[in-house]
Colleague: 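Before I ask anything, let me first share the structure, which is written out below as structure tokens.
Numbers restart at 1 for each chain; the letters A, B, ... are given by sequence-line order, proteins then strands.
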There are 2 protein chains.
Amino acid sequence: MKEKAAPEKAVPPKQTDMLLRQFIGYNMKRAYLQIQDDMAETLEPLGLRIGTFSALAVIMASPGISQTQLSEVLNIKRSGVVVVVDDLERAGAVQRTPVQTDRRAYALQVTPAGKALWARAEQAVQAHEAALFADLDADERRALQDLLVRAARSGAKHRKGTDG
Amino acid sequence: MKEKAAPEKAVPPKQTDMLLRQFIGYNMKRAYLQIQDDMAETLEPLGLRIGTFSALAVIMASPGISQTQLSEVLNIKRSGVVVVVDDLERAGAVQRTPVQTDRRAYALQVTPAGKALWARAEQAVQAHEAALFADLDADERRALQDLLVRAARSGAKHRKGTDG
DNA sequence: GACGTATTGTTATGTCAATAAACAATTATC
DNA sequence: GATAATTGTTTATTGACATAACAATACGTC
């Protein structure tokens, strides 16, 4: 069920993605897609997707946050936040609370059920990452975290001049 | 032009994505999206997208490769390869060559123009990554590369059991 | 207080990359 | 030689976004 007829000369000894492996972007993409797929599988039984999981985390950490603020933290547009919050509200995990000082805005709150859901989700993802990165010891995992944060920062800084 | 009316109690001192920063997946996503956007900008003047750039690299490294094999290397479906190869062929960078032993398949070849294009693209992306990761020294970049490869491998291994 | 402007959340629509499903032509297998 | 599998392709669908317009509300200035 693998190679059969097709040109045998192709895909010889050496790796076919040799020329791509030199790039951080390529390796980052491969790692990211792997992790993302696994993460989605982990969250699915809890009724969460990556987007709703992330939003729930932010609202947990910042109760009363507005949808506009949430969109800035998550780096998506306000219109995108609507469907995410709709989803979380439909699941009973989050509530749109009126803001006294501004009747346009909602203050987002995590319900008790939402807090319980977050506890389960956080634990599930922690366990998942622990299993996923079993090959990396604690030091290596810390190093990876640090390098990823710095890479993102570096990208953001570099981007400042060209994204406007 | 940033925060104004909205609930001041929200987004207090601490980071609103505190609960997410513990996860490698979150930091990976942020870094990846940064890099991907920048990469697309770098390739655009050359008439390439990330997908076509990657395909060109693989065909460079494995002349005569078939579209099915290419789809396996790039981790996309055969139907997705069609548009990528169409694009590269339209640009005159790649050619679909008939295979003697199998009249269904094409052996993909990079044209002279395609080789020149690859040389320019490879150099552009190398320069781009050098600038993008200027904050990381050579050792750190190597370490990041290594950790990303191992993370992807770890994910793939972990996935073996659950993706069927 | 009244005016124009800005902001919040929302809806509708588009985009982009990728998948899924079906297909004709060809090849492999028994 | 009949049946099954494979290659590349087309068409339709998905998902996760962005864009653009909108009503309701708030702000800034006179």
Colleague: Between the main-chain N or O of A/L108 and the side-chain N or O of A/T97, is there a donor-acceptor pair closer than 3.5 Å?
Modeller: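 Not a single qualifying donor-acceptor pair exists.
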Colleague: Would you tell me if any nitrogen or oxygen in the side chain of A/S66 comes within less than 4.0 Å of OP1 or OP2 on C/dT8?
Modeller: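 Indeed not, no polar side-chain atom of A/S66 lies that close.
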Colleague: Identify whether B/V83 and B/F53 are in the same connected component of the hydrophobic contact network (ILVMFWY, side-chain heavy atoms under 4.5 Å).
Modeller: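 Cluster IDs for B/V83 and B/F53 match.
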Colleague: What residues from residues 82-96 of chain A pass a heavy-atom cutoff of under 4.0 Å to DNA chain C?
Modeller: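 Only A/V82, A/R96 qualify.
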Colleague: I need the residues from residues 49-59 of chain A with at least one non-hydrogen atom less than 4.0 Å from DNA chain C; give them sorted by number, or say none.
Modeller: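 Those residues whose heavy atoms fall under 4.0 Å from DNA chain C, taken from residues 49-59 of chain A, amount to none.
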Colleague: What is the separation between atom NZ on B/K77 and atom P on C/dA22, rounded to the nearest whole Å?
Modeller: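 From B/K77 NZ to C/dA22 P: 16 Å.
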Colleague: Take the protein atom CG of B/L70 and the nucleotide atom C1' of D/dT9, then report the distance between them rounded to whole Å.
Modeller: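 Checked: the CG to C1' distance equals 15 Å.
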Colleague: Find the distance A/Q100:CD to D/dA26:C1' and express it as a whole number of Å.
Modeller: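 Spelled out: CD on A/Q100 to C1' on D/dA26 is 15 Å.
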Colleague: Do other residues, nucleotides or ligands put more than 12 heavy atoms under 6.0 Å from B/Q95 CD?
Modeller: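 No.
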Colleague: Phosphate oxygens OP1/OP2 of D/dC17: is one of them under 4.0 Å from a side-chain N or O of B/K29?
Modeller: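 B/K29 to D/dC17 OP1/OP2: side-chain N or O found under 4.0 Å.
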Colleague: Expressed in angstrom and rounded to an integer, what is the separation of B/R78 atom CZ from C/dA20 atom P?
Modeller: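 For the pair B/R78 CZ and C/dA20 P, the rounded distance is 12 Å.
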Colleague: With a 3.5 Å cut-off and no angle check, do the side chains of A/R96 and A/Q109 form a donor-acceptor pair?
Modeller: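 No, no side-chain donor-acceptor contact under 3.5 Å.
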Colleague: Before accepting this row, confirm whether a basic side-chain N of the pair A/R141/A/D137 lies closer than 4.0 Å to the acidic partner's carboxylate O.
Modeller: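 Salt bridge between A/R141 and A/D137, a charged N being under 4.0 Å from a carboxylate O: no.
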Colleague: Assess the side chains of B/Q22 and A/E122: does a donor N or O sit below 3.5 Å from an acceptor N or O?
Modeller: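 A pair is found: one side chain offers a donor N or O, the other an acceptor, under 3.5 Å apart.
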Colleague: Would you indicate whether the side-chain heavy atoms of B/L70 and B/V85 approach each other to under 4.5 Å?
Modeller: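 Yes, side chains in contact.
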Colleague: Could you report the tightest heavy-atom contact between A/A31 and B/M28, atom names first, then the distance?
Modeller: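 Minimum heavy-atom separation between A/A31 and B/M28: CB-CE, 3.8 Å.
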Colleague: Give a yes or no on whether the backbone of B/Q69 and the side-chain of B/S66 come within a donor-acceptor separation of less than 3.5 Å.
Modeller: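 Indeed, once roles are kept as given, a pair shorter than 3.5 Å links the two residues.
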Colleague: Could you tell me how far apart B/Y32 (OH) and D/dC17 (C1') are, to the nearest whole angstrom?
Modeller: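 Result: 13 Å.
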Colleague: With a 4.0 Å cut-off on N to O distance, would you call A/E44 and A/R49 a salt bridge?
Modeller: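 Salt bridge: no.
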Colleague: Answer with yes or no whether the hydrophobic clustering places B/V73 together with B/V82; edges join I, L, V, M, F, W, Y residues whose side-chain heavy atoms lie under 4.5 Å apart.
Modeller: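 The answer is no; the residues belong to distinct hydrophobic clusters.
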Colleague: Rounding to a whole Å, what distance do you find between B/Q36:CD and D/dA16:P?
Modeller: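 Atom CD in B/Q36 sits about 15 Å away from atom P in D/dA16.
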Colleague: Could I get a table of every N or O pair under 3.5 Å where one atom is in the protein and the other is in nucleotides 24-26 of chain C?
Modeller:
{"from": "C/dT26", "atom 1": "O2", "to": "B/R104", "atom 2": "NH1", "distance (Å)": "3.4"}

Colleague: Could you go step by step and tell me if B/F23 and A/Q126 meet the side-chain contact (heavy atoms from CB on, under 4.5 Å) rule?
Modeller: CA-CA 7 Å; B/F23 298 116; A/Q126 281 170 348; 3.7 Å; yes
Colleague: Consider the side chain of A/Q67, meaning its heavy atoms from C-beta on, and name the nucleotide among C/dT19, D/dT9, C/dG9 that approaches it most closely.
Modeller: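 Shortest atom-to-atom distance from the side chain points to C/dG9.
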Colleague: Rounded to whole Å, please give me the gap between CG in B/L48 and C1' in C/dC16.
Modeller: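 Rounding to the nearest Å, CG of B/L48 and C1' of C/dC16 are 17 Å apart.
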Colleague: Could you state the CG-C1' distance from B/L33 to D/dG15, rounded to the nearest angstrom?
Modeller: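 Computing the B/L33:CG to D/dG15:C1' distance gives 15 Å.
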Colleague: Answer yes or no: side-chain N or O of A/S79 and base N or O of D/dT19 forming a donor-acceptor pair under 3.5 Å.
Modeller: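 Between D/dT19 and A/S79, which were checked side chain against base, a qualifying N/O pair under 3.5 Å is present.
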